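Let me begin by presenting the structure, written as structure tokens, before commenting on it.
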2 protein chains.
Amino acid sequence: MPQAKRSRRKEARPEEIIDAALAEFAAVGYSAASMAQIAARAGIARSTIYLYYADKEALISAAFDLRLGQAFAAAGQGVALSSGPFREVFHEMLTLLYTRIVKSDALVLLKVLVAEGRQFPQLLTRYHDTALNAAMTMLTGLLKQGLARGELRPDVMGYDIKLVMSPIMLAAIWHLTFQELEPIDLAHYIEGHVSFICDGILTR
Amino acid sequence: MPQAKRSRRKEARPEEIIDAALAEFAAVGYSAASMAQIAARAGIARSTIYLYYADKEALISAAFDLRLGQAFAAAGQGVALSSGPFREVFHEMLTLLYTRIVKSDALVLLKVLVAEGRQFPQLLTRYHDTALNAAMTMLTGLLKQGLARGELRPDVMGYDIKLVMSPIMLAAIWHLTFQELEPIDLAHYIEGHVSFICDGILTR
DNA sequence: TAACTTACTGACATATATGTCATTAACTTA
DNA sequence: TAAGTTAATGACATATATGTCAGTAAGTTA
């Protein structure tokens, strides 16, 4: 879809540029992404990017702001979980988390952090304190509720909540890397997540 | 530790160069790693690298060969698992896997693949077919044995084995990214892994 | 210790990236 | 529709990377 002539789009540019940048980061990673290629994706000249962002680092920082903001705007609406038995609410919350994380546009942020997070400690902190902590807090809250209802073993709270979250992390990483090689059937995977975490695998 | 004079080390060079390269990849990622910096780490001139490796891609390919080979050489020895109850053998195997994966020098390979695996589909395939499949095969074998002994629920084999492996993946990714921000107590984490997967979290 | 072999180096040519700036042209206003 | 404003561009200067190659010197052999 080639742009016939050049056009002036002061309001729309910033987000268009970030979308192009994130697409490029997803394709080749942050370091390998060139401003020229990002500009090409956005359909503008390379120098135009500098009208809006000082350099590549300002770009990724703005990209984090935008995507994390979007994710939380989305998370704010429609978190109406049922108040049924633990297994049911857990399944609902997991479905929500898988959708919001594994299938989300923000997944590229995790990729960048794993790859080159050491160069951006403030982004690491921001992602950890917002996205990851939000997920962990949600899960911890759910477990506390289940415990209060007497549905969970009391010693459960003594373990790391990340264990409950870990299948989501694997699915996220898998989507970024091995999905084409060996696809994950997400719906069935979620069933297993609920089953293994709720019941374990030993006979009762 | 500066090298006083230049020395000739035909046999030792290749591995020294790869070690330096992997250290640099771990620090800044593959794309951002420069041959100059790798050479500096190895204590040699940049051009010396080209005597042993055609270019950066040949370097990373050789690095995969070396580290995957080392990991499997290590895996070959001392896999003497007890034949006790499932929980006990499972715990032993997990301890082995965490040591071999999370604390291993090969962890940087996973990082490179997550970040820039799309540019190296053959490395993706190699890592998937060897490292990941080996871990999954070990776990599947263990589960089958537990099932044959009547210790496991029969429907367990219907779910994705990656669910059982996922806490390892999270720990690995965590070590690469958020470990300094929020450390994982690995021994306690493994206890939780065993507990959650074996017993689940619901009351019995 | 002199001649030989070759691992290693420094300099060169080339390619690709970045950030700046004077000029251009799209859109607005009088 | 002419003049004014400014978003957008293309060219420039600079920086950093890559891969090559003739020359250097470490180690070996006679």
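We name chains A, B, ... by the order of the sequence lines, and we start the count at 1 in each one. All figures in this text were calculated on a predicted structure; none of them were measured in a lab.
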Review point. With a cut-off of under 6.0 Å to the ring centre and 45° to the axis, is B:K56 in cation-pi contact with B:Y30?
Key: yes

Practice item. Look through every strand shown and name the nucleotide pairing with C:dT23 as Watson-Crick or G-U wobble, where both distances are under 3.5 Å. Key: D:dA8

Review point. Taking CZ from B:R46 and C1' from C:dG10, how many angstroms apart are they, rounded to a whole number?
Key: 10 Å

Point to revise | Nearest-nucleotide pick for A:Y52, side chain only, options being D:dA8, C:dG19, C:dC8 | key: D:dA8

Review point. Are B:R67 and B:D19 close enough for a salt bridge, meaning some N to O gap below 4.0 Å?
Key: yes

Study note, to complete from the structure: Considering only heavy side-chain atoms of A:A45, the closest of D:dT9, D:dA7, C:dG19 is D:dT9

**Study point:** Protein-nucleotide distance (A:L59, atom CG; C:dG19, atom C1'), rounded to Å
**Key:** 14 Å

Practice item. Ignoring backbone atoms, establish whether B:T48 has a side-chain N or O less than 4.0 Å from OP1 or OP2 of C:dT9. Key: yes

Point to revise | Rounded distance (Å) that lies between atom C1' of D:dA7 and atom CD of A:E16 | key: 13 Å

Review point. To the nearest angstrom, how far is B:Y50 atom OH from D:dC21 atom C1'?
Key: 14 Å

Practice item. Could you tell me which nucleotide pairs with C:dA30 by Watson-Crick or G-U wobble geometry, both distances under 3.5 Å, or answer none if nothing does? Key: D:dT1

Review point. Which whole-number value in Å describes the distance from B:K10 NZ to D:dA26 P?
Key: 19 Å

Exercise for review: Round to the nearest Å and state the distance from A:R13 atom CZ to D:dT6 atom P.
Suggested key: 17 Å

Review point. Between B:R9 and C:dC8, does any side-chain N or O lie under 4.0 Å from OP1 or OP2?
Key: no

Study note, to complete from the structure: Testing D:dA17, C:dT9, C:dT18 for proximity to the side chain of A:K56, the answer is C:dT18

Review point. For the pair made of CG in B:L51 and C1' in D:dG23, what is the distance, rounded to whole Å?
Key: 14 Å

Check your understanding: Just wondering, do B:F64 and B:R126 contact through their side chains at under 4.5 Å, heavy atoms?
Key -> yes

Review point. When rounded to the nearest 0.5 angstrom, what is the spacing between CG in A:L170 and OH in A:Y189?
Key: 4.0 Å

Practice item. Apply ring pair (Phe, Tyr, Trp, His ring centres under 6.0 Å) to B:H188 and A:Y159, showing your working. Key: CA-CA 7 Å; B:H188 183 247; A:Y159 293 114; 5.5 Å; yes

Review point. How close or far is atom P of C:dT20 from atom CD1 of A:I49, stated in whole angstroms?
Key: 14 Å

Study note, to complete from the structure: Of the listed C:dA7, C:dT18, D:dT9, the closest approach to the B:R8 side chain comes from C:dA7

